[in-house]
Chemist: 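One structure is given below, represented as structure tokens, and several questions about it will come after.
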Amino acid sequence: MITIRQRRVMFGTLKYSVLSVLALVTVGIPLWLIVVNSFKPLEEAIRLNLALPQTWAIAENYRTVFEEGNYLLGLKNSILLVVPSVLLIVLLSGAAAWVFGRDSRRSTNVLYFLLISGVLIPPAIVTTIVTLRNLGIGGTHVGAIAFYVGTSSAFAIFLVTGFVRTIPREIEEAARIDGAGPLATYMRVVLPLLVPIMATTATIMLLLIWNDFFYPIFLLPGAEQQTLTLGLSRFVSIGKYQVSWNLVFADVVAVSLPLFVVFLVAQKRIVSGLTGGVLK
Amino acid sequence: MSTAAGTRRIPLPGLTPPRLFILPVAIFIFLLYLLPNITQLAAAFTDWSTFKGEINFVGLRNFIELAETGELTSAIRASLVFAVAVMIFENLFTLGLALALEKSTRVNAVFRTIFFLPVLISAIATGHAARAFLAPHGFLNSALSTVTGWFGGDPVTVGWLVSPTFTILVLALVHAWKFGGIHMMVYLAGLASIPEDLTAAARIDGAGAWQIVRHVKIPLLVPAFTVNITLTFIGALSAFDVIYATTRGGPGRATEIYNMVVLRHFGSGLFGFSTAMSVVLVASIMITAVPLITYLRRREVEL
């Protein structure tokens, strides 16, 4: 006779065994393969197995990535692109979302759906490039930042508006009655209440823009402007006959590292924000 | 979407925030999103290219030529198969994971983090790694050969990335691996929003674990389904990176999804073809995703 308690323990053991195998096969092994093979010289990395390197080539591989791969320039470009984009998206979308969450007039609603249509319909590429050129900011970071604000704000407005609707309006109305102007009310009363959803939105935008590859091909074609993610294909196309997988993987590790560091530091905030924010 | 909690009352006049606050972001969205999308719709019907000085209206010629070369049908086919496969893989796996990791215990937090890690790696990096793992003598085939070797079988030599039939599904799995973590989080958020007394009541009424999932949790998860099904489907329709890094659209055109064609014609300076293919992508989303969202929204239950 098996008691309910015993059955529950057995079920739990089974569940976590399955989950462990799954985590190992789907995440553990791929990540291990990337990291360990980035430590090997080319002859060993070609075989692409789980074994530790026989000859360690960490210094050589990563030096090549840093020097030939121009890592620091890519890092600088990625930061110069991502930080202003994310800040602008979050601040400007937040201000608009405040109005959309409060103003129920039909005309405002129409504007809302027009501005969030970017959640569904992807950006136009060729005509955007022409627009940026006409504005005199083609191929520059300023142009790319403007592009991300113009195209990614839709999702930010959508997320923040949903959140604004869940917070009571009495506090800000009290501030207004006490004589605070709209701007002061937004900065001092509304914005602090929006911090959780702002953090979530900023995280999602950070991940998307940092890792973006398709649009930067068009937006930042110059070698001087190249982001880390754009540079990732460099070691694949050198020597067409034999791809230097050790260098490709070292580059993958070096490019992903900043996001892993951010994630480790802000993990709690990110996970609770992601789980709390998206469905509001 | 929920409205303000509690009783609805008429807002005090003059206290709604001024619409001027919408202006800054609206300028960006108008200039760099709406306007280019409108002009793209017009450009798709012209012979705009780098080879000619003037731009002429050519009616449907771009679409007809894309159809005649076979690119149109192959792109529609590849994109839809890819998007449906991604949608199914991503939602099945991540819903399963979310249900298994629902309770916020310390162990579950560790597992959630592990399954979220691929989200941090860029899709292009994922694609490069996948190309190495799935090569004829890559890691997957050697690992499988080791297993078959134990049973005296032949070495495995599956060409994961060169099949005209199943490579598109392999790529869908790779894409789903990279983005799944986000959708697991959305399902976890949906599960966290289900009041505990509802599941407790069902349990007291004698419902088993599976019945609670089927009759209490799934119906209340519909808002999460709406977000996830829509985002996975649209995300896959406008995908690019994984396929660019692995097959570049091949073999033949078997995996050439919309944006691969868009880039190819842009690269050769044929902007008319490039914009026409973008318009086909937009149309595909309008035709498939909009009815899907309408259907899902109708099934959402208000608590």
Side-chain angles (χ1 to χ4, degrees), chain A residues 15 19 23 26-27 30-31 33-34 48-49 92-93 95-96 98-99 102-103 108 111 115 118 120-128 131 146-147 149-151 153 162 165-166 168-169 173 176 182 207 211 213-214 229 232-233 236 245 248 252 255-256 259-260 263 267 271 274-276 278-279, chain B residues 1-5 12 15-19 21-22 24-26 28-29 31-33 35-37 39-40 43 100 111 114-115 117-125 128-129 132 138-139 177 185-186 188-190 192-193 223-224 227 234 238 240-241 259 262 266 271 274-275 278 282 285 289:
Chain A
K15 183 175 104 174
L19 280 170
T26 62
V27 183
L31 294 191
L33 278 171
I34 291 174
L48 200 75
N49 54 33
L92 301 187
S93 302
W98 181 38
V99 183
R102 296 297 184 229
D103 189 343
T108 313
L111 193 60
L115 294 188
L120 294 186
I121 310 287
I125 299 151
V126 185
T127 42
T128 304
T131 310
F147 167 83
V149 178
T151 54
S153 290
R165 287 185 181 140
T166 66
R169 59 200 301 163
E173 286 183 351
R176 293 290 295 279
L207 286 173
N211 283 335
F213 177 77
F214 184 56
T229 310
L232 258 175
S233 301
V236 180
W245 289 115
V248 174
V252 168
V255 169
S256 310
L259 284 187
F260 275 80
F263 184 73
Q267 190 190 1
V271 172
L274 276 174
T275 43
V278 186
L279 291 180
Chain B
M1 285 311 103
S2 52
T3 50
L12 294 170
L15 289 188
T16 23
R19 286 196 273 194
F21 273 66
I22 304 172
V25 81
F28 279 98
I29 296 177
L31 273 180
L32 292 160
Y33 173 73
L35 195 65
N37 253 306
T39 43
Q40 168 175 275
F111 275 109
I114 294 174
F115 288 116
L117 287 180
V119 174
L120 302 178
I121 304 171
S122 72
I124 193 79
H128 288 318
F139 175 76
W177 179 85
M185 291 297 180
V186 175
L188 284 169
S193 71
V227 171
I234 294 178
S238 43
F240 175 81
D241 304 11
N259 275 337
V262 171
F266 177 84
F271 300 152
S274 191
T275 47
S278 289
V282 172
I285 291 176

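Letters A, B, ... are given to chains in the order of the sequence lines, protein chains preceding strands, and every chain is numbered from 1.
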Chemist: Before giving the answer on side-chain contact (heavy atoms from CB on, under 4.5 Å), spell out for B:S278 and A:V126 the whole-Å C-alpha distance, their side-chain angles and the decisive distance to 0.1 Å.
Modeler: CA-CA 9 Å; B:S278 289; A:V126 185; 5.8 Å; no
Chemist: What is the distance from atom CZ of A:R176 to atom OG1 of B:T16, rounded to the nearest 0.5 Å?
Modeler: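 Here the rounded value is 7.5 Å.
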Chemist: Minimum heavy-atom separation for B:P24 to A:L92, with atom names?
Modeler: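 Smallest interatomic distance, heavy atoms only, reads CB-CD2, 3.9 Å.
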Chemist: Below 4.5 Å from any heavy atom of chain A, which atoms of B:I114 appear? Answer side chain, backbone, both or neither.
Modeler: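 Both backbone and side chain.
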Chemist: Counting heavy-atom pairs closer than 4.5 Å to chain A, which one of B:I121, B:L120, B:V282, B:L32 comes out on top?
Modeler: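 Greatest number of close heavy-atom pairs with chain A: B:L120.
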Chemist: What residue in A:S256, A:A146, A:P168 has the most heavy-atom pairs under 4.5 Å with chain B?
Modeler: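 Looking at each option in turn, the highest pair count goes to A:A146.
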Chemist: Report the distance from atom CG of A:L232 to atom CG of B:D241, rounding to the nearest 0.5 Å.
Modeler: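 A:L232 CG to B:D241 CG: 10.5 Å, rounded to 0.5 Å.
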Chemist: Just do the side-chain contact (heavy atoms from CB on, under 4.5 Å) check on B:L117 and A:F260 with the steps written out, would you?
Modeler: CA-CA 8 Å; B:L117 287 180; A:F260 275 80; 3.7 Å; yes
Chemist: Is there a side-chain contact between A:L19 and B:F115 (heavy atoms, below 4.5 Å)?
Modeler: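 Yes - at least one pair of side-chain heavy atoms lies under 4.5 Å apart.
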Chemist: Looking at B:G138, B:A26, B:P118, B:P36, which has the largest count of heavy-atom pairs under 4.5 Å with chain A?
Modeler: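 Ranked by contacts with chain A, first place is B:P36.
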Chemist: Among A:I34, A:L31, A:L115, which has the most heavy-atom pairs under 4.5 Å with chain B?
Modeler: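 Heavy-atom pairs under 4.5 Å are most numerous for A:L115.
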Chemist: Non-hydrogen atoms of chain B under 4.5 Å away: do they reach the side chain of A:W98, the backbone, both or neither?
Modeler: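 Both backbone and side chain of A:W98 come within 4.5 Å of chain B.
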Chemist: Just give me the residue among A:I125, A:V252, A:V27, A:L259 that pairs up with chain B most often, heavy atom to heavy atom, under 4.5 Å.
Modeler: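 Most heavy-atom pairs within the cutoff with chain B belong to A:V27.
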Chemist: Which class fits the ring pair B:F240 and A:F214: parallel under 30°, tilted 30 to 60°, perpendicular over 60°?
Modeler: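 Tilted: the ring planes of B:F240 and A:F214 meet at 30° to 60°.
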Chemist: Of the backbone (N, CA, C, O) and the side chain (C-beta and beyond), which part of B:A132 lies under 4.5 Å from a heavy atom of chain A, both, or neither?
Modeler: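 B:A132 touches chain A through backbone and side-chain heavy atoms alike.
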Chemist: Select one option (side chain, backbone, both, neither) describing which atoms of A:T229 are under 4.5 Å from chain B's heavy atoms.
Modeler: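 When you check distances to chain B, atoms from both the backbone and side chain of A:T229 fall under 4.5 Å.
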Chemist: Where do A:K15 and B:A100 come nearest, in terms of heavy atoms and distance?
Modeler: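 That closest heavy-atom pairing would be NZ-O, 2.8 Å.
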Chemist: In terms of heavy-atom proximity below 4.5 Å to chain B, should A:P30 be classed as side chain, backbone, both, or neither?
Modeler: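 When you check distances to chain B, atoms from both the backbone and side chain of A:P30 fall under 4.5 Å.
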Chemist: Quick one: does A:P182's side chain get under 4.5 Å of B:P18's, heavy atoms only?
Modeler: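 Yes, close enough: below the 4.5 Å cut-off.
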Chemist: Closest approach of A:T127 and B:A43, non-hydrogen atoms and distance?
Modeler: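 Distance-wise, the nearest heavy atoms are CG2-CB, 4.5 Å.
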Chemist: Roughly how far apart are A:F147 CZ and B:Y33 OH, rounded to 0.5 Å?
Modeler: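 Output value for this atom pair is 10.5 Å.
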Chemist: Rounded to the nearest 0.5 Å, how far does CZ of B:F21 lie from CZ of A:R102?
Modeler: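 Between atom CZ of A:R102 and atom CZ of B:F21 there are 13.0 Å.
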Chemist: Heavy atoms only, distances under 4.5 angstrom: which of A:L111, A:V255, A:T131, A:T26 has the most pairs with chain B? Name it, please.
Modeler: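 Of A:L111, A:V255, A:T131, A:T26, A:T26 has the most heavy-atom pairs under 4.5 Å with chain B.
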Chemist: Need one label for B:S238: side chain, backbone, both or neither, based on atoms under 4.5 Å from any heavy atom in chain A.
Modeler: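 Just its side chain gets close to chain A.
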Chemist: Taking B:I124, B:I285, B:I234 one by one, which has the highest count of heavy-atom pairs under 4.5 Å against chain A?
Modeler: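 Looking at each option in turn, the highest pair count goes to B:I124.
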Chemist: Under 4.5 Å from any heavy atom of chain A, what part of B:F266 do you find: side chain, backbone, both or neither?
Modeler: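 When you check distances to chain A, only side chain atoms of B:F266 fall under 4.5 Å.
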Chemist: Please look at B:V262 and chain A and tell me whether the side chain, the backbone, both or neither of the residue comes under 4.5 angstrom of a heavy atom of that chain.
Modeler: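 Side chain only.
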Chemist: Give, for atom OG1 of A:T108 and atom CD1 of B:I22, the distance between the pair rounded to the nearest 0.5 Å.
Modeler: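 It is 6.0 Å, given to the nearest 0.5 Å.
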